[in-house]
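Everything numeric here is computed off the predicted structure, so don't read it as measured data.
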Amino acid sequence: MIQRNFMIDKDARRRQIDTLKIFNDNVQEVIENEEYTVGFDSGGRPFILTVFLYPSFPNEKPKIVITPSVEHPWIFGPTGEVNSAPGLLNFAAHSDLGRIVRAIISELEKFPPKIFGGGEEAPQVDVNHPPPAEGLIPELRSLTIDELKELDNDPEFLDDFVEELDVVKKLRNDMDVLLQEIEAIAKDNMSHEEKLTSLTEEVTRKLSEFRSLGDTYESLCVLQRKKAEEFSPQHIKELLQIAASISDSECEACAEEFLAGKIDVQSFLNTYMAAKKLSTMRKAKEERLTSQLNSLEKHSLM
């Protein structure tokens with residue numbers, strides 16, 4: 001675990017140093033991983049920012065000193081240490097050292113400071129400037145003055161010259177290769193078009209079937225809920241009670257008709273006995289079902 005933490009800190013330190021070089025010009029390494037200088041000009045004077053990285057950096061903020069020392073709210077004049085720059089005040093391990101130094105230089109370039117103590121002399125700073133870039137078109141070096149003038153005055157000669165440039169030939173060759181790759185990809189895509197169309201139609205058909213099955217499922221669910229209610233034990237019990245009550249009413253009506261002399265004895269006996277038997281059977285079923293329901297409820301509570 002110690003070795004792993006050491007490697008993580010080392011990588012973080014290196015990334016911070018990389019940002020210093022990315023965001024700033026004229027960075028020179030004085031002591032590897034420990035001390036770096038950044039040269040710049042402000043108000044016609046050369047300055048150097050020296051960046052000191054402590055062993056615990058970037059967990060500890062760096063020390064930045066300007067030479068020569070100047071008068072500025074961010075800088076402690078006698079020592080030249082930059083101690084009040086916002087980036088340093090809020091420095092954390094995830095801050096970018098390069099951005100902080102760039103911000104300090106930008107501030108000093110925008111508002112050229114006075115030399116601390118009023119001195120006008122400043123040490124000469126050897127600011128490294130990048131070497132002049134090599135020509136992007138080296139073929140121009142072999143042309144004479146007359147040929148260069150002809151390039152400027154003769155469009156056809158210029159076109160022929162450009163066509164023979166190595167960089168143009170390379171670009172043309174790269175473009176040909178790229179076009180061939182694009183053509184190959186296009187042909188490969190077209191070869192899958194029929195299969196893709198077939199799969200699209202299959203997906204559309206499956207989607208239609210899915211929706212149809214979904215509608216059927218919803219209808220069956222509604223029917224199932226309706227049937228479940230119709231054939232629930234409690235509902236059957238209520239229907240038996242109603243049927244038994246109807247049979248009792250039929251018995252009473254039959255008796256009233258017999259007493260009123262509307263039917264003879266035989267008709268009364270046949271009708272009354274049939275209704276009474278049906279009522280008794282329904283009440284028996286209702287009582288048995290009630291007993292079973294009570295027993296189930298009792299066991300469910302235990």
Discussion item. Run the salt bridge (Lys or Arg N to Asp or Glu O under 4.0 Å) test on Lys276 and Glu250 for me, step by step, so that the C-alpha distance in whole Å, both residues' side-chain angles and the decisive distance to 0.1 Å come before the verdict.
Written reply: CA-CA 8 Å; Lys276 193 65 176 178; Glu250 291 177 353; over 6 Å; no
Worksheet entry | side chain to side chain contact (heavy atoms under 4.5 Å, CB included) between Lys283 and Asp248, intermediate numbers included | CA-CA 10 Å; Lys283 287 181 179 180; Asp248 288 340; 3.0 Å; yes
Discussion item. Is there a side chain to side chain contact (heavy atoms under 4.5 Å, CB included) between Phe210 and Lys206? Walk through the geometry before answering.
Written reply: CA-CA 6 Å; Phe210 173 77; Lys206 292 291 185 181; over 6 Å; no
Fill in: Check against side chain to side chain contact (heavy atoms under 4.5 Å, CB included), Phe57 and Arg13
CA-CA 7 Å; Phe57 176 83; Arg13 188 183 187 93; 3.6 Å; yes
Discussion item. Side chain to side chain contact (heavy atoms under 4.5 Å, CB included), that's the test. Do Glu34 and Phe52 meet it? Break it down for me.
Written reply: CA-CA 6 Å; Glu34 294 183 13; Phe52 299 92; over 6 Å; no
Worksheet item: Between Thr290 and Glu286, does a side chain to side chain donor-acceptor pair (under 3.5 Å) hold up when you go through it step by step?
Response: CA-CA 6 Å; Thr290 300; Glu286 187 268 329; 3.1 Å; yes
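A distance of 8.0 Å separates CD1 in Ile17 from CD in Glu32, rounded to the nearest 0.5 Å. Taking NZ of Lys262 as the start and SG of Cys254 as the end, the distance is 12.0 Å to the nearest 0.5 Å. Rounding to the nearest 0.5 angstrom, the gap separating the CD atom in Glu193 from the CG atom in Asp188 is 12.5 Å. Note: Asn173 CG to Leu178 CG = 11.0 Å, rounded to the nearest 0.5 Å. Atom NZ of residue Lys277 and atom SG of residue Cys251 lie 13.0 Å apart, to the nearest 0.5 angstrom. To the nearest 0.5 Å, atom OG1 of residue Thr19 and atom CG of residue Asn24 are 8.5 Å apart.
Hydrophobic cluster membership differs between Val30 and Tyr36, with clusters built from Ile, Leu, Val, Met, Phe, Trp and Tyr side chains linked at under 4.5 angstrom. The hydrophobic cluster containing Phe23 does not contain Leu53, counting ILVMFWY residues as joined when their side-chain heavy atoms lie under 4.5 angstrom apart, directly or transitively. By the rule that hydrophobic residues join a cluster once side-chain heavy atoms approach within less than 4.5 Å of another member, Leu289 and Leu278 end up as members of separate clusters. Residues Val65 and Phe47 do not share a hydrophobic cluster, defined by chaining ILVMFWY side chains whose heavy atoms lie under 4.5 Å apart. Under the 4.5 Å side-chain heavy-atom criterion for ILVMFWY residues, a single connected hydrophobic cluster contains both Val265 and Ile263.
Taking 4.5 Å as the limit, every side-chain heavy atom of Ser95 sits out of range of all side-chain heavy atoms of Pro58. Contact annotation: the side chain of Leu108 approaches that of His72 to within less than 4.5 Å [non-hydrogen atoms, C-beta and beyond]. Taking 4.5 Å as the limit, some side-chain heavy atom of Tyr54 sits within range of a side-chain heavy atom of Lys63. In this structure the side chain of Asp174 reaches within 4.5 angstrom of the side chain of Lys170, judged on heavy atoms. Considering only heavy atoms from C-beta on, Lys169 comes within 4.5 Å of Glu164 through its side chain. For the pair Ile48 and Ile66, the minimum side-chain heavy-atom distance is 4.5 Å or more. By the 4.5 Å heavy-atom criterion applied to side chains, Met175 and Leu171 are not counted as neighbours. Looking at heavy atoms from C-beta onward, Phe258 lies out of side-chain contact with Leu269 at the 4.5 angstrom threshold.
Around atom CD1 of Ile145, no more than 12 heavy atoms belonging to other residues, nucleotides or ligands sit under 6.0 Å away. The number of heavy-atom neighbours closer than 6.0 Å to CE of Met281, taken from other residues, nucleotides and ligands shown, is above 12. Enclosure of atom CD in Glu194 is not indicated, since only 12 or fewer non-hydrogen atoms of other residues, nucleotides or ligands lie within 6.0 angstrom. In Arg205, the CZ atom is crowded: over 12 heavy atoms of neighbouring residues, nucleotides or ligands sit closer than 6.0 Å.
The shortest heavy-atom contact between Ser42 and Glu109 is OG-CA, 3.8 Å. When all heavy atoms of Arg45 and Pro113 are compared, the closest pair comes out as NH1-O, 4.1 Å. Across all non-hydrogen atoms, the minimal contact from Gln16 to His94 is NE2-C, 4.5 Å.
With no hydrogens or angles considered, no side-chain donor-acceptor pair links Gln241 and Ser245 at under 3.5 Å.
With hydrogens and angles disregarded, no donor-acceptor distance shorter than 3.5 Å links the side chain of Ser279 to the backbone of Ala275. Panel note: side chain Asp41, backbone Gly44; no donor-acceptor pair is recorded below 3.5 Å. In this structure, the side chain of Asp154 engages the main chain of Glu156 through a donor-acceptor pair within 3.5 Å.
Checked against Arg102 for a side chain to side chain contact (heavy atoms under 4.5 Å, CB included), the options Ile104, Ile100, Ile105 give a single hit: Ile105. For the side chain to side chain contact (heavy atoms under 4.5 Å, CB included) with Thr37, the qualifying choice from Asn26, Thr67, Val27, Thr50 is Thr50, the only one to do so.
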Would you give me the side-chain donor-acceptor pairs under 3.5 Å for residues 75-93, sequence neighbours excluded?
| from | atom 1 | to | atom 2 | distance (Å) |
| --- | --- | --- | --- | --- |
| Thr79 | OG1 | Phe76 | O | 3.4 |
| Thr79 | OG1 | Glu81 | N | 3.3 |
| Asn90 | ND2 | Pro86 | O | 3.2 |

Solution key, residues 213-227 side-chain donor-acceptor pairs under 3.5 Å, sequence neighbours excluded:
| from | atom 1 | to | atom 2 | distance (Å) |
| --- | --- | --- | --- | --- |
| Thr216 | OG1 | Ser212 | O | 3.0 |
| Ser219 | OG | Asp215 | O | 3.1 |

